[in-house]
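Only one structure is covered here, and it is reproduced in the block below.
To find a chain, count down the sequence lines: A is the first, B the second, and so on, and within it residues start at 1. The structure presented is a predicted model; accordingly, all values stated were derived computationally and were not measured.
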There are 2 protein chains.
Amino acid sequence: MISKEDHTGQFMRGLPFFKGLPDADLDVFMQAAHIRDYHKHQHIYMQGDSADNFFVVLSGWIKLCRQTVEGEEAVAQVLGRGDIFGEGAAVFGGSTYLFSVEAAESARVIEIPGSVLKERAKTNYDILARVMNSLSRKMQGFYLENEHMALMSAPQRAGCLLLQLSSNMIGKGGTFSFPYDKSLAAARLGMKPETFSRALLQLKSAGVTSKGPEIHVENFQRLAAYCCGNCSAEKGECKGAALKNLGESPCADKKVQCGRF
Amino acid sequence: MISKEDHTGQFMRGLPFFKGLPDADLDVFMQAAHIRDYHKHQHIYMQGDSADNFFVVLSGWIKLCRQTVEGEEAVAQVLGRGDIFGEGAAVFGGSTYLFSVEAAESARVIEIPGSVLKERAKTNYDILARVMNSLSRKMQGFYLENEHMALMSAPQRAGCLLLQLSSNMIGKGGTFSFPYDKSLAAARLGMKPETFSRALLQLKSAGVTSKGPEIHVENFQRLAAYCCGNCSAEKGECKGAALKNLGESPCADKKVQCGRF
C-alpha cells in the first residue's frame, strides 16, 4: 500500500495517467499497490502470461521485448521513471501480455492489480479514457520509431535517442551518462552495436562527443536541428516534450520543430 | 443509412469490430452510416482535423500517412476491405486525427459519426472493449513493422507483404496482381522503390517471380518458411491469419509459425 502523503504517492499523483483523478479513485489504486524491486535481467512477466497487473516505473530501466521464431530478441521499448506498462492488457485486449518485460538495470516498480483498474474503469469513463490515451501514445511511439527507421539516418536516430535521454536536463547543452548499456540502446533502435557506435561518432558534426558511457551534447538545439527535420512528431508526441516543455521552439526559423522544443 | 439485410449490412456484421453486437447497437450504427466514394489521391481527412467520424473500408485501398518537418511523406499504413480507421480518435484520445488519410486507389468507404460511437461506448463496456482491441491490434501492427525493419532483410519484408496481400487466396500457390502502385508498397515498407524492386527479384530463391504488377508465388508455405523465421508474430497477430485461418501450421516442423499458417 502506498500513502498519498509520501514521496511515492506524490510522484504517482503527478503522472499523466493519475493526474487530476478524484481522491476516491487514487486511494483505491494506492491501497492496492505494491512496490517491488527487480535486479538487472530479472523477468517481471513473459509474453503470453496472464495479464494480472499494471505497472508504474519508479526507478531504473525496464525492457519490453519479444522473441522471433528463430529465437532472436527484438527490443520493443525501454521504459524509465514515470512510464507505465501493462495497462492495456490488464483492462482489455484479452487476458495475456503482448510483450516480455524484464529489468534492464536494477529497477523499482509499482504494481497495481489489473482487476482493481478494470473494476474502476468499467463504471468510470474518465479512467477508460486514460487507459485509451496511454495506449494511443504507445501506438504513436511505435509508429514514430517506424517512421524514423524509414526516413532517418542512423546518426539522426541515435541523436534523437540522446535528446530523449537528456530531456530533463537544464541548460543549452550538457554532459550525461548513458543510463543503460549501449548495446541495449542499439537494440532498441534496431541497430547492431557497431552501427550505433559509428552513428555516435558521426554525430560529432552535430556537436556530440562520447567517451565510454559519457555523452557530451554541446547544444541541444543544434542536435535537434540535425535530427528532427525528418520526423513528423508534433509538440507533445515526442518523449522529450512529454517530460519537459521548453516553450516556444527555438528552431522555428529553421522549420524544425522537434518535440523537445 | 445501411440496411442490415443488404450486402453491405451483412458485410459489416461479419467484421470483427461489429460481430456479435446486439441488433440494437448495430441498428444505431447502420442508421447513422453513409457510404462515400473517393477517387484516387482524394483526401478523406488531414492530420490534425477534428475527429468527427470513424470509417470502414468497403472496397479499394486507403493510405494513412504523415508529413515530416521537411515535407517528406511517411506512409504509416495501407488499408483494404474490412479494415477500420479513425475509431480511436473518434471515441477518445483528444479530438483530432493522428494521420492524414487519402484514397490510394478509388475507394468506397462507410462513414459513421464518431458521436454515435462515443455515445454508445460511454454506457457499453463491450463497445469500448472493441475500440480498445482494435487500437491494440494497430499498436501491435506498428510494433511488428518496427521489428521487421530491425531484424528482417528487404526481401523477407517484401515477401511478408506478398503473403499478406495474397492471404485470401486458396491453394498452395498462385498468381495475383499488385492491388496498388508498387511505389506505394515500397513506401509502406519504408524502402526506396528500387530497393523494393531488387527485393522482389531476390525472392526468386523463395519461388516468387514478378512481371510488371503480376506476382507469382509458387508455394505460400515455402515463402513463409523464407520470411517468417525472423518475426515474433503469433497466430492471429498477422494480417494474413486475421483474414484467413489456414489451420494447423504446415511449417511446425521448421519452427516457423507465420501468422498465415
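A distance of 11.5 Å separates CZ in Arg66(A) from CG in Leu151(B), rounded to the nearest 0.5 Å. Rounding to the nearest 0.5 Å gives a distance of 9.5 Å between OG of Ser136(A) and CE of Met132(B). Separation of atoms CE (Met149(A)) and CE (Met149(B)) is listed at 6.0 Å; rounding is to 0.5 Å.
Contact detail for Leu128(B) and Leu128(A): the closest heavy-atom pair is CD1-CD1, 2.8 Å. Taking all atoms of both residues into account, the shortest heavy-atom contact from Gln47(B) to Ser232(A) is NE2-O, 4.3 Å. Across every non-hydrogen atom of Gly190(A) and Ala150(B), the tightest pair is CA-CB, 3.5 Å.
At a 4.5 Å heavy-atom cutoff, the contact between Glu145(B) and chain A is made by backbone and side-chain atoms alike. Interface remark: Gln77(A) contributes no atoms to any contact with chain B (heavy atom separation under 4.5 Å). Using a 4.5 Å cut-off between heavy atoms, Gln140(B) touches chain A through its side chain atoms alone.
Between chain A and the options Glu147(B), Arg137(B), Lys122(B), heavy-atom pairs under 4.5 Å are most frequent for Lys122(B).
For the pair Lys118(A) and Tyr125(B), the minimum side-chain heavy-atom distance is below 4.5 Å. Between Thr68(B) and Met152(A) there is no side-chain heavy-atom pair separated by less than 4.5 Å.
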